[in-house]
Amino acid sequence: MAKYLHDKLDEKWRKIYEKSGIYTGKVDTSKKKAFLTVPVMYPDGYLHLGHLYTWTRADIYARFMRMRGYNVLWPQGFHFTGGPLVGFSLRIKNKEEQVLKIMKLYKVSKEDIERFAEDPLYLGNYFAKSIRGDFDAAGMSIDWSKNFSLSYTSKYSKFVEWQFRKLRDLGLITQGKHPVIWCPREDTALGDHDRLEGEGESPVEYTVIKFRLGDIILPAATLRPETIEGATNIWVNSKIQYKKITLKGGETWVVSEKFIDKAKYQKRIEKVEDFNIKSIILKTVENPISHDALPILDADFVDENLNTAVVMSVPMHAPFDLVYWNKLKKSRSKFYSEPKKIIDVNGKDSIDIEKAVSQKLATENLERLTRKVYQSEYNSGVFNGNSGLLSGLSVKEGRQKMISELKERGVYDVFYETSGKVVCRCGAIGVVNVVEDQWFIRYSDSDLKRKSLEAVERMNIYPEEIRAQLTNAIMNMEDKAATRRGGLGTSLPWDKNWLIEPLSDSTIYMAYYTVADLIEKLDEKYVDDDLFNYVFLNEKPKRQYPDIVKEMKRSFEYWYPVDMRVTAKELLPNHIAFFIMNHVAIFGKDFWPRGLSINGWLVIDKAKMSKSKGNVKGITQTVETFGADATRLIASASNGMDDAEWNTDNIKGFVDRAEFLLDLVEAYNDLPGGEKLVDRYLKSRLVDLLKQAEYDYEHFRYRSAVFNAFFQSTDLLRFYLDFGGDSKENMKSALEIISKMIHPIFPFISEEINEKIGNKDLLESYNSWPELKHMDQDDTLQAEFDVLNKTIDDIKNLIKMLKLQPKEIKIGVADRSKFDVYNKVVERLKQDRDLGKIYKDKELGRDELVKKLIKNPNKLPDTFRDYEIELKVMKEAEEYLSKLLKARVQVSESSDEKAIPGKPKIEVK
RNA sequence: GCAGGGGUGGCGAAGUGGUCAAACGCGUAAGGCUUAGGACCUUAUGACUUAGGUCUUCGUGGGUUCGAAUCCCACCCCCUGCACCA
């Protein structure tokens with residue numbers, strides 16, 4: 001028995017490949033090229049198996065392409081830009097327990113941890129190195145000579161600056177206001193990952209309607225300005241503290257005290273004075289649209305934490321308002337008027353708000369009702385005759401019209417509030433800050449969108465469903481804030497107060513890969529916009545460059561565009577969209593990306609890996625335990641972009657079959673040889689499997705690829721041997737084909753097999769992918785072997801039912817005349833599926849066999865059968881069957897009516 | 001709200017017009033091996049059936065077809081993403 005000693009085997013082939021230089025992409029214009037990339041990753045921790053999933057998928061592509069004769073370039077960089085590295089360093093500095101625990105788990109030295117706290121770049125380089133080691137251990141065929149980290153070097157920064165100047169020249173950069181959730185204590189934008197509470201919350205725009213009361217203004221904040229014509233009153237809450245504030249420009253507002261802190265980020269407040277809210281209760285303000293007098297009333301449901309704490313009351317369209325309005329009916333009768341319903345909803349979404357409210361709902365039910373009312377009215381509401389201005393319009397249209405109406409009358413303002421409570425890691429409550437001078441990339445540009453969609457249309461995308469999502473992402477693209485205040489990165493060239501944020505400095509860096517090793521050798525003084533214009537855009541050089549620059553240009557023009565980008569699905573609506581759009585903006589059509597492959601998340605051993613549980617599967621650890629090839633099985637977790645569950649038990653099946661193959665490699669030479677039907681079957685099935693595997697690799701269907709190329713093929717060999725196949729030649733060529741079929745996924749063991757059967761050249765050093773030999777394919781023969789297997793099932797079934805252990809089994813293959821009739825039926829059905837016509841047929845319709853065959857329209861005979869072959873296959877199988885069924889098996893021809901082509905008669909005794 | 005994806009056996013999942021009771025894996029049961037357990041191997045695992053048969057299922061309801069998990073229509077339910085953040 002051959003043992004699968006993976007550590008030795010891995011090491012041997014890893015070294016051989018390293019020495020061969022096959023992984024290093026060298027310009028060779030005589031060969032077709034394939035440029036593969038996987039997004040740069042943040043080196044802020046160790047790699048685990050989940051990460052490796054994407055890279056293994058990419059590696060399989062790289063190896064498959066090499067075997068098909070392509071010159072492959074696959075570099076890999078790292079990303080230092082933005083917050084993560086700095087953030088991580090900071091967390092170490094703050095001695096966060098969780099982070100220190102992780103460091104301890106990985107046995108990082110004390111000195112290193114201390115340096116991490118001070119130097120984010122050191123931290124980045126430290127983990128980049130460890131990640132690189134993990135990739136190598138897992139057998140990634142990455143060309144490290146073109147590795148770099150963005151935006152770590154000044155040369156790369158210059159490339160980013162060049163890109164941004166280019167974008168600005170193209171009119172794709174603008175500057176403007178931008179609401180963003182903000183930590184008031186740390187005075188910085190508060191991203192999802194910096195939040196203790198409120199992940200996913202975002203700024204919501206409220207309309208503020210200014211109701212005048214003498215020289216002061218009551219600013220009512222609302223999400224539904226279109227309902228103002230149905231307003232009956234204004235709510236304030238006498239239990240909360242109000243202040244009078246004077247804004248820049250002179251307006252005086254009455255707002256809750258709590259509002260003031262939030263408002264600082266959105267309004268210029270020049271003066272704050274005390275205000276007694278009770279002094280204005282029961283006074284009236286004028287509705288600026290309908291000119292009705294609206295009383296100011298007291299209600300305790302008004303929340304001091306929400307907006308201005310001045311609320312416009314629209315009872316017929318807001319349940320809370322109706323409840324309180326009804327309560328006041330008695331006590332404040334002098335103000336009471338019947339509330340007006342101004343929006344109708346027809347059909348099943350219609351809600352009778354008066355009836356609903358009459359049931360005295362609890363607060364949380366009222367909230368739910370409110371959401372329902374808002375939703376149904378927004379989706380299918382239409383303004384009725386009670387509305388003077390909006391009658392006949394939908395709510396969506398009415399809102400727009402009302403907003404412009406309010407603007408015209410000078411009573412409109414906006415205020416942003418968070419959509420839910422947000423708490424920063426530091427403990428402070430998040431607010432909305434309107435950043436005044438943010439720089440944007442104008443992804444909303446319709447011309448850019450149109451061209452980008454064209455690019456998407458031309459791309460090869462796997463799986464295909466992704467195309468719709470990507471198209472949609474691009475169509476809905478808005479302007480993207482491209483700069484930030486803190487972290488690492490490249491300064492915006494014309495406004496050094498800003499750093500270019502990470503998603504924006506990483507859109508076209510793949511072009512930089514093609515020159516990354518060469519530009520290192522170039523004197524910094526040459527690195528400027530003119531150089532990039534010359535190398536990447538083929539513009540006339542403005543000066544004399546050293547020769548290396550020509551080489552850079554040649555390298556770029558040879559390798560570009562990106563032929564395949566492999567990544568996980570979470571980058572699709574952002575990075576991948578930006579990647580495509582920036583290429584479209586900057587490069588010519590020939591350099592637009594050509595391919596994309598997307599995968600989901602990988603869940604390993606059911607539970608998500610949890611660092612605190614200590615069950616983290618490190619790469620090196622897994623490779624040491626199971627071997628690189630076995631570890632790479634994770635690529636087979638899914639065919640598409642589903643999140644895949646994968647458990648390490650799968651590896652057992654791999655080892656078992658790997659050893660089977662290694663055994664065969666030792667033993668096949670002793671096979672006595674001889675060509676039988678089963679040899680033809682072997683060849684035919686191998687062509688099938690090869691065809692399948694080829695399709696699977698091309699379409700990134702690696703679950704199927706492993707299934708067909710590895711599991712099915714080894715099953716086939718087992719069957720061949722069990723059946724009594726013993727041809728040395730055929731076994732050798734089968735082993736060769738299998739070693740090639742599995743090579744992209746299992747590069748090391750396949751090389752071992754390939755070498756042992758006498759092949760000298762590395763499988764990726766030449767166009768080694770086996771050619772399909774269609775002449776070996778024999779459908780009829782395969783169908784007859786299927787008949788054999790089906791017959792075995794039937795016999796087992798019979799034995800089970802009869803509850804006996806037979807001594808003798810007779811198999812009766814139908815006679816030639818029945819095969820003739822059978823094949824006639826198949827022929828007829830291929831032309832026409834109308835069974836009625838066959839029943840009416842003079843010749844066929846009366847035949848008992850025909851009636852039997854077409855009795856069940858769900859199970860019609862589909863494949864031609866061959867009398868000679870069926871008989872021969874069964875005959876040849878006699879010995880195999882006898883062994884398998886532990887009984888004497890005899891095969892003969894039978895004219896019994898139970899013997900049907902494809903379904904021989906069975907007698908057990 | 002907008003967009004995308006999905007509902008198949010105890011579970012995970014394959015299967016997109018025809019030999020489908022449904023691959024493969026897990027789980028479960030019986031047997032083998034073992035002092036025993038684990039691991040491993042064999043067999044079974046929708047229901048009924050003593051000669052290979054029949055019946056019932058693929059979220060719900062309807063339709064197209066000789067034939068539907070697969071195509072069409074309506075409905076119910078679930079998941080994911082929505083930006084300055086990697």
Side-chain angles (χ1 to χ4, degrees), chain A residues 39-42 44 79 81-85 87 178-181 189-195 199-200 202 374-375 378-379 396 435 438-441 443 465-473 475-485 500-504 506 569-575 577-578 600-601 603 606 638-647 649-650 652-653 656 703-704 707 711-712 783 786-787 790-791 793-804 829 832-839 853-854 856-863 898 902-908:
Chain A
V40 284
M41 78 184 312
Y42 267 89
D44 61 350
H79 208 181
T81 316
L85 256 45
H178 186 58
V180 56
I181 296 192
L190 194 45
D192 257 354
H193 298 281
D194 307 321
R195 298 178 192 174
E199 226 178 279
S202 55
Y374 278 28
Q375 218 170 70
Y378 183 73
N379 289 328
K396 286 172 208 178
V435 179
Q438 175 63 272
W439 292 94
F440 295 87
I441 300 178
Y443 290 121
E465 304 100 88
I466 291 297
R467 197 184 301 275
Q469 277 185 49
L470 189 55
T471 301
N472 198 261
M475 283 197 303
N476 294 330
M477 197 62 75
E478 293 165 24
D479 293 347
K480 156 106 176 88
T483 53
R484 57 179 286 153
R485 289 293 187 187
I500 293 164
E501 63 85 37
L503 280 169
S504 301
S506 60
K569 65 181 173 189
E570 76 268 17
L571 291 184
L572 195 67
N574 42 64
H575 168 259
F578 303 150
W601 292 96
V603 176
K606 297 250 176 188
S638 161
N639 265 338
M641 52 159 224
D642 306 336
D643 293 341
E645 212 179 292
W646 198 82
N647 63 67
D649 290 348
N650 295 345
K652 279 185 284 191
D656 179 54
R703 187 191 174 104
S704 302
F707 179 70
F711 289 98
Q712 291 283 76
D786 289 344
V787 170
K790 183 84 182 130
T791 306
D793 285 347
D794 285 345
I795 294 172
K796 283 182 181 168
N797 195 13
L798 266 178
I799 292 173
K800 186 188 128 204
M801 256 194 322
L802 296 171
K803 292 181 186 129
L804 59 80
L829 288 172
D832 183 358
R833 286 279 173 175
D834 190 342
L835 301 182
K837 281 191 195 158
I838 298 181
Y839 280 119
L853 290 174
I854 62 174
N856 185 348
N858 240 329
K859 297 178 177 178
L860 297 175
D862 237 17
T863 29
K898 278 197 173 159
K903 202 167 176 57
K905 182 189 173 190
I906 301 163
E907 274 181 285
V908 295

What is the base-pairing partner of [N], counting Watson-Crick and G-U wobble geometry with both distances under 3.5 Å?
N      : result
B:rA13 : none
B:rU35 : none
B:rU45 : B:rG27
B:rC82 : B:rG1
B:rU64 : none

Rounded to whole Å, please give me the gap between [atom1] in [X] and [atom2] in [N].
X        : N      : atom1 : atom2 : value
A:Gln469 : B:rG4  : CD    : P     : 8 Å
A:Ile441 : B:rA83 : CD1   : C1'   : 12 Å
A:Lys569 : B:rC82 : NZ    : C1'   : 15 Å
A:Asn574 : B:rG81 : CG    : C1'   : 10 Å
A:Asp479 : B:rC85 : CG    : P     : 16 Å
A:Leu470 : B:rA3  : CG    : P     : 17 Å
A:Glu465 : B:rU80 : CD    : C1'   : 14 Å
A:Glu570 : B:rA83 : CD    : P     : 15 Å

To the nearest 0.5 Å, how far apart are [atom1] in [X] and [atom2] in [Y]?
X        : Y        : atom1 : atom2 : result
A:Ile466 : A:Gln469 : CD1   : CD    : 5.0 Å
A:Ile441 : A:Glu478 : CD1   : CD    : 14.5 Å
A:Leu571 : A:Lys569 : CG    : NZ    : 12.0 Å
A:Ile795 : A:Glu907 : CD1   : CD    : 11.5 Å

Whole-angstrom distance between [N] and [M], as gauged at atom [atom1]:
N      : M      : atom1 : result
B:rU54 : B:rG5  : C1'   : 39 Å
B:rA68 : B:rC20 : P     : 16 Å
B:rU65 : B:rG17 : C1'   : 9 Å
B:rG4  : B:rC85 : P     : 28 Å
B:rC24 : B:rC41 : P     : 15 Å
B:rC73 : B:rG1  : C1'   : 26 Å
B:rG38 : B:rA30 : P     : 12 Å
B:rG9  : B:rA14 : C1'   : 13 Å

From the list B:rG52, B:rC85, B:rA3, which nucleotide is the closest neighbour of the side chain of A:Val180?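 Taking heavy atoms from C-beta onward, the closest nucleotide is B:rC85.
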
Could you please name the option among B:rC85, B:rA3, B:rG52 that lies closest to any side-chain atom of A:Asn472?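 Of B:rC85, B:rA3, B:rG52, B:rA3 is nearest to the side chain of A:Asn472.
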
Quick one: are A:Lys903 and A:Asp794 in side-chain contact, heavy atoms under 4.5 Å?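 Touching, per the 4.5 Å side-chain cut-off.
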
Classify the nucleic acid contact of [X] as base, sugar-phosphate or nothing, counting any heavy atom under 4.0 Å across all strands shown.
X        : answer
A:His178 : base
A:Glu907 : base
A:Pro179 : nothing
A:Asn476 : base
A:Lys790 : nothing
A:Met477 : base

Under 3.5 Å, is there a donor on one side chain and an acceptor on the other for A:Thr483 and A:Gln438?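 Yes.
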
Name the residue closer to the 5' end of RNA chain B, choosing between A:Ile181 and A:Arg703 according to the nucleotide with the nearest heavy atom.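 That would be A:Arg703.
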
I want to confirm an ordering. Mapping A:Ile906 and A:Ala468 to their closest nucleotides on RNA chain B, which one lands closer to the 5' end?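 Of the two residues, A:Ala468 wins.
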
Classify the ring geometry between A:Tyr443 and A:Phe578 as parallel (under 30°), tilted (30 to 60°) or perpendicular (over 60°).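 Ring orientation, 0 to 90° scale: parallel.
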
